[in-house]
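Within every chain, numbering begins at 1; the chains are lettered A, B, ... in the order of the sequence lines, protein sequences first and strands thereafter.
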Amino acid sequence: MARWVLHVDMDQFVVAVEILRHPELRGLPVVVGTVGDPGRRGVVSGCSYEARAFGVRSGMALRQARRRCPGAVFLASDPEAYRRASHQVMATLVGFPADVEAAGWDEAFLGATTDDPERLARDVQAAVRARAGLACSVGIGDTRERAKVASALAKPGGVLRLTAANWLAVVGPEPPRRLWGVGPRTQARLATLGIRTVAALARADPDAMAAAFGAHAGPHLVALARGEGPAAVSPRRPPPRSHGHQQTFASDLGDPALVRSAVAGAADEVAADLRRSGAKARRVAVTVRFAPFDTHTRSAPVGAHSGGPDGVRPAALAALGRFRLDRPVRMVAVRADLAAPATAPSS
DNA sequence: TCTGGGGTCCTAGGACCC
DNA sequence: TCTGGGGTCCTAGGACCC
């Protein structure tokens, strides 16, 4: 029997959850945003296939979504409902003879030993539909990268297998953006080098790519284009490396005192996270986004308070003190880098 | 045209040390 | 006075993902 990676990806997850409790929305263009009001600052966190037909995309500004699809139903995001649905899905997956690694609310990797991965994929789809009432697509691969790309190509509701044998035939003509780990910036840089397809990137000289993208990142890009990479699926999640909170203001803040109080508030939320998790902070970074979108970060160590929660706010305000708050501010963020857990030293 | 909130990882320059 | 080659830490920025 062979070892396979399956990538299970829920179809239009947040919208599907909304349709479960609002069946009358089925078949309509539906847009779920951070806020339900498309006149306010916020982005699309999920949209139905009917809305996508109008050009609405995840991550798009709500105002732009409304321009593209004025007739869409706009709903506010309800994270608690999505988390409950996610738990149902993950509980269903854990019932299968496989290692299960959650990769966000709406997707998971399965590591399974089987001679019929398609059969397993169909069984997973049926079980998720029966238990949670939701549809998913399943990618099958001999690496995580291939399984991940396969599930995207299988949408909606399909099953697709990608291995070394058919990877380039299927994915080769696609733009590099199709790869898991290549975004719009990297695709644009690749285009300036004349590389416009996955196949072209797979043929690229790793040394030349190292010169252009860095010693590690360059060859890594070529490996991605070949579908290579790890195949391990690990059910245990590593401890978090950071905790953060950020706030975009409904309208820009011109008063530095208000900016300081927003930073203090975010720092207190981070401190509360630290208390819950028992983790220690190493540094605290404050990000200030000036209008329209000019973004800078300053950080400070939390040494004076031994990394405890009480040290977060002073460190955040110290970092903020290094900014000149002479322009309107759109967003502030506070993030704490966590110290490695103080468990038994291993060496 | 306008760009949320929560994260992870990589790069690169300078400081500092041997 | 001019000077190699490595390592690690600190810091800011960038890219990407869900």
Side-chain angles (χ1 to χ4, degrees), chain A residues 7-10 12-14 31-46 55-68 76-77 79 82-83 86 101-109 144-145 148-149 151-152 176-190 210-221 224 237-250 252 266 269-270 273 277 282-303 319 322-323 330-338:
Chain A
H7 183 252
V8 178
D9 201 9
M10 305 307 296
Q12 51 170 19
F13 178 63
V14 303
V31 176
V32 177
T34 37
V35 293
D37 178 359
R40 294 184 52 204
R41 281 182 175 166
V43 300
V44 175
S45 41
V56 177
R57 292 291 179 271
S58 192
M60 173 181 284
L62 287 178
R63 279 187 250 252
Q64 188 183 7
R66 182 175 57 179
R67 270 194 303 275
R68 295 207 174 176
S77 175
Y82 312 143
R83 179 162 32 202
S86 179
E101 176 183 332
W105 285 353
D106 67 337
E107 59 182 273
F109 287 97
R144 292 164 67 95
E145 178 75 18
K148 172 81 181 173
V149 172
S151 70
R177 185 81 174 80
R178 182 66 77 174
L179 299 170
W180 183 38
V182 175
R185 305 283 179 173
T186 302
Q187 171 156 300
R189 281 184 69 192
L190 288 168
F213 289 90
H216 176 85
H220 180 62
L221 283 171
L224 286 185
R237 240 205 308 192
R241 312 294 304 268
S242 66
H243 285 304
H245 284 273
Q246 68 183 76
Q247 184 185 8
T248 296
F249 307 111
D252 301 335
E269 295 198 62
V270 171
D273 288 343
S277 70
R282 253 174 20 98
R283 300 186 64 80
V284 172
V286 170
T287 298
V288 176
R289 176 125 71 211
F290 297 98
F293 212 73
D294 183 28
T295 308
H296 298 276
T297 300
R298 294 289 179 273
S299 63
V302 198
R322 295 169 55 201
F323 284 97
R330 176 190 178 93
M331 186 274 299
V332 295
V334 175
R335 176 161 296 277
D337 282 349
L338 304 185

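Proximity of A:S45 to the phosphate of B:dG5: no side-chain N or O atom is located under 4.0 Å from OP1 or OP2.
Because its glycosidic torsion is more than 90° from 0, C:dC2 is reported here as anti.
Rounded to an integer number of Å, the gap from CE of A:M331 to P of B:dG4 is 8 Å. The nearest whole Å value for the distance from the CE atom in A:M60 to the P atom in B:dG4 is 14 Å. One atom, CG of A:L221, and another, C1' of C:dC16, lie 12 Å apart when rounded to the nearest Å. Atom pair A:R237:CZ and C:dC18:C1' shows a separation of 12 Å (rounding to whole Å applied). The distance from atom CZ of A:R241 to atom P of B:dG7 is 14 Å, rounded to the nearest whole Å. Residue A:R41 contributes atom CZ, which lies 11 Å from atom P of B:dC2 at whole-angstrom precision. Following rounding to the nearest Å, A:R330 (CZ) and B:dC2 (P) show an atom-to-atom distance of 10 Å. The separation between A:F213 atom CZ and B:dC10 atom C1' is 13 Å, rounded to whole Å.
Between A:R57 and A:V44 there is no side-chain heavy-atom pair separated by less than 4.5 Å. Counting only heavy atoms from C-beta outward, the side chains of A:S242 and A:D337 approach each other to under 4.5 Å. Contact check for A:Y82 versus A:D106: no side-chain heavy atoms found under the 4.5 Å cut-off.
Residues A:T297 and A:W180 both approach DNA chain C. Their nearest nucleotides, taken by heavy-atom distance, put A:T297 toward the 5′ side. Toward the 5' end of DNA chain B, the nearer of the two residues A:Q64 and A:D273, judged by each one's closest nucleotide, is A:Q64. Closest-nucleotide positions on DNA chain C for A:R282 and A:T295 were compared, and the one nearer the 5' end corresponds to A:R282. Comparing A:V43 and A:H243 along DNA chain B, the residue whose closest nucleotide (by nearest heavy atom) sits nearer the 5' end is A:V43.
Test A:H296, A:M331, A:Q246 against A:T287 for side-chain contact (heavy atoms from CB on, under 4.5 Å) and you get one pass: A:M331.
Using a 4.0 Å heavy-atom distance criterion, A:R322 is classed as a sugar-phosphate-only contact. Residue contacts shown for A:V44 are absent, as no nucleic acid heavy atom lies under 4.0 Å away. The residue A:H296 sits close only to the backbone: its heavy atoms come under 4.0 Å of sugar-phosphate atoms, none of a base.
Under the stacking definition used here (centres under 5.5 Å, planes under 30°), the residue A:F293 qualifies as stacked on the base of B:dT3.
Here A:R298 pairs with nothing under the side-chain hydrogen bond (donor to acceptor under 3.5 Å, both in side chains) rule; sequence neighbours left out.
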**Prompt:** If you write DNA chain B from 5' to 3' in dot-bracket form, with Watson-Crick or G-U pairs under 3.5 Å, [ ] for crossing pairs and | for pairs with another strand, what do you get?
**Reply:** ....||||||||||||||

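A salt bridge (Lys or Arg N to Asp or Glu O under 4.0 Å) check over residues 284-294 of chain A, counting only residues at least two apart or in different chains, returns the pairs A:D294-A:R327.
When all heavy atoms of A:V14 and A:G46 are compared, the pair lying nearest together is CG2-CA, 3.5 Å.
The neighbour count for A:H245 NE2, taken as heavy atoms of other residues, nucleotides or ligands under 6.0 Å away, is above 12.
Spacing between C:dC16 and B:dG4 at atom C1', rounded to whole Å, works out to 16 Å.
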